[in-house]
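Since the structure comes first, as structure tokens, the remarks are kept for the end.
So that the names make sense, note that chain A is the first sequence line, chain B the second, and so on, each numbered from 1.
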There are 2 protein chains.
Amino acid sequence: MREIDQPSYHHGNLKRVIIDAALQAIGESGPAGWSLRELARRAGVSHAAPAHHFGDKQGLLTAVAAEGFALFADALERATADVWEVGVAYVRFAIDHRPYFEVMFRPELYRADDPSIQSAHERAAGVLITSARALSPSPEHDRMTTLAAWSLVHGFTSLWLSGALPESTDGDPEALARSMIRLVLGALR
Amino acid sequence: MREIDQPSYHHGNLKRVIIDAALQAIGESGPAGWSLRELARRAGVSHAAPAHHFGDKQGLLTAVAAEGFALFADALERATADVWEVGVAYVRFAIDHRPYFEVMFRPELYRADDPSIQSAHERAAGVLITSARALSPSPEHDRMTTLAAWSLVHGFTSLWLSGALPESTDGDPEALARSMIRLVLGALR
DNA sequence: GTGCCATCTTGTCAATGTCAAGATAGGGTG
DNA sequence: CACCCTATCTTGACATTGACAAGATGGCAC
């Protein structure tokens with residue numbers, strides 16, 4: 001009796017299949033509440049197939065985080081036409097791609113020094129810094145404006161995702177975030 | 001050969017010993033990177049002793065979170081004399097009691113519906129809401145001011161703890177947070 | 001003194017992450 | 001076309017972990 005129905009070697013895009021399965025598992029049970037073996041079971045492969053491609057669990061999460069940062073940078077870049085919307089895009093990405101986001105900002109889960117992470121991370125940080133500069137009242141406030149804007153948006157996102165906000169149950173996070181961002185950053189300059 | 005040198009039954013404050021060991025372990029390996037058995041080993045008790053007092057791992061983390069919210073509420077209350085300092089106290093607590101904080105805002109790790117959690121949580125939320133009201137320009141802005149202030153402070157804290165801020169390596173988080181809070185919330189009213 | 005029961009230990013089990021070794025297939029080389 | 005070679009995937013094994021069940025201990029009420 002074989003455990004796998006049809007051991008199909010070289011079926012190609014197993015890496016993608018496993019990452020997708022991981023994203024779904026993270027979405028259901030959080031970034032640490034799933035197992036590699038259950039993942040393999042769902043993907044229809046043997047229990048050690050993930051380890052072959054990603055080395056270990058940290059390796060898989062490193063791949064997830066790297067892909068996440070790249071998608072994140074893309075999403076932020078698409079919003080740069082209207083500077084005010086970059087913060088909204090931040091929130092929207094976190095909610096629309098929650099599994100990515102939850103891994104990305106938990107660096108103890110993956111290898112943050114991996115080159116694939118660093119490049120995507122720098123790109124995302126670049127968009128944030130550029131956008132914040134456009135909102136800053138004067139050049140010497142650039143650093144503080146960046147810090148404040150990032151903190152504001154990231155805090156809203158974290159609280160929303162963790163369910164700490166009373167508005168989390170119903171309500172539209174995007175609209176709420178937009179109001180908050182315009183109010184606070186509008187007052188700043 | 002016995003595993004435990006001197007099986008000391010009824011030695012009393014084992015609950016405290018285990019919680020303290022858990023806090024230390026969380027500080028070293030994050031809120032999910034430790035094991036109950038390793039904990040028991042360090043505390044000098046058998047591998048199942050923790051389970052007896054706390055039911056399971058979630059139960060232990062529930063106790064940690066409850067204690068954390070109580071200490072958190074205490075710390076915030078002590079700062080209410082100067083409303084601006086409540087936010088700073090938020091940041092200081094998170095950094096000085098990082099293990100508590102990291103568990104508290106990860107509700108999937110514990111039983112958030114536990115009564116011991118709820119009461120302490122409500123007390124902390126009360127202080128935050130009251131303080132934010134004092135900073136609000138007008139009553140109809142109360143809700144938005146609370147949301148903005150909380151997001152700002154929580155975001156700063158999360159980013160600092162995760163090491164995402166360039167300032168995380170050196171720098172004084174408390175002073176930086178104080179500047180940011182005064183700048184942003186000062187502009188709001 | 002005797003029974004009771006909270007406290008803690010010991011034993012056990014399935015599940016998990018990781019490593020090592022084997023099986024398969026497709027592509028390049030002669 | 002035969003050969004082998006390597007990436008891909010499987011199978012097998014092992015230590016560790018969380019959880020449960022059953023046993024041992026000792027203080028306390030009566």
Side-chain angles (χ1 to χ4, degrees), chain A residues 1-22 24-26 28-65 103 106 108-111 114, chain B residues 1-22 24-26 28-65 103 106 108-111 114:
Chain A
M1 187 182 95
R2 41 185 2 129
E3 294 185 355
I4 309 296
D5 299 319
Q6 293 248 342
S8 63
Y9 300 89
H10 301 96
H11 77 40
N13 55 345
L14 188 54
K15 262 182 146 165
R16 174 101 316 264
V17 172
I18 290 177
I19 290 185
D20 287 342
Q24 190 183 339
I26 294 168
E28 292 169 8
S29 325
W34 52 279
S35 81
L36 276 177
R37 291 176 106 108
E38 173 66 23
L39 212 76
R41 229 168 288 143
R42 286 205 210 179
V45 291
S46 77
H47 65 89
H52 170 70
H53 290 281
F54 299 97
D56 54 4
K57 204 174 181 180
Q58 265 201 10
L60 173 52
L61 287 171
T62 301
V64 169
V103 174
R106 215 159 293 177
E108 77 273 12
L109 292 179
Y110 58 89
R111 279 180 275 273
D114 193 279
Chain B
M1 188 182 93
R2 45 189 356 139
E3 294 186 355
I4 307 296
D5 300 319
Q6 294 248 343
S8 62
Y9 298 90
H10 301 97
H11 78 40
N13 55 346
L14 188 54
K15 261 182 149 166
R16 175 102 315 264
V17 172
I18 290 177
I19 290 185
D20 288 341
Q24 190 183 340
I26 293 169
E28 291 169 8
S29 326
W34 53 278
S35 80
L36 276 178
R37 291 177 105 108
E38 172 66 22
L39 212 76
R41 228 168 290 145
R42 286 206 209 179
V45 291
S46 76
H47 64 88
H52 170 69
H53 290 281
F54 300 98
D56 55 3
K57 204 173 180 181
Q58 265 201 11
L60 173 52
L61 286 172
T62 301
V64 169
V103 174
R106 216 159 291 178
E108 76 275 12
L109 293 179
Y110 58 90
R111 280 181 274 274
D114 192 280

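In this structure, the side-chain hydrogen bond (donor to acceptor under 3.5 Å, both in side chains) partners of B:R111, at least two apart in sequence or on a different chain, are B:D56, B:Q58.
Regarding B:H52, its NE2 atom lies at a distance of 15 Å from the C1' atom of C:dT10, rounded to whole Å. As a whole-Å value, the separation of A:R16 CZ from D:dT8 P is 16 Å. The separation between A:L39 atom CG and C:dG17 atom C1' is 13 Å, rounded to whole Å.
Looking only at side-chain heavy atoms (C-beta outward), A:D20 and A:Q24 stay at 4.5 Å or farther from each other.
For the atom pair A:S29 OG and B:E108 CD, the distance stands at 10.5 Å (nearest 0.5 Å). Rounding to the nearest 0.5 Å places CZ of A:R16 at 11.5 Å from CG of A:L14. Rounding to the nearest 0.5 angstrom, the gap separating the NE2 atom in B:H53 from the CD1 atom in B:I18 is 5.5 Å. Atom CZ of A:R41 and atom OG of A:S46 lie 11.5 Å apart (nearest 0.5 Å).
Using a 4.0 Å heavy-atom distance criterion, A:A49 is classed as a base contact.
Distance from the side chain of B:A48 is smallest for D:dA21 among the nucleotides C:dA20, D:dC9, D:dA21.
Checking the phosphate oxygens (OP1, OP2) of D:dC9, a side-chain nitrogen or oxygen of A:H53 falls inside 4.0 Å.
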TODO: Produce a footprint string for nucleotides 13-18 of chain D: one letter per nucleotide, 5' end first; B if the base is under 4.0 Å from any protein heavy atom, S if only the sugar-phosphate is, - if neither.
DONE: B---SB
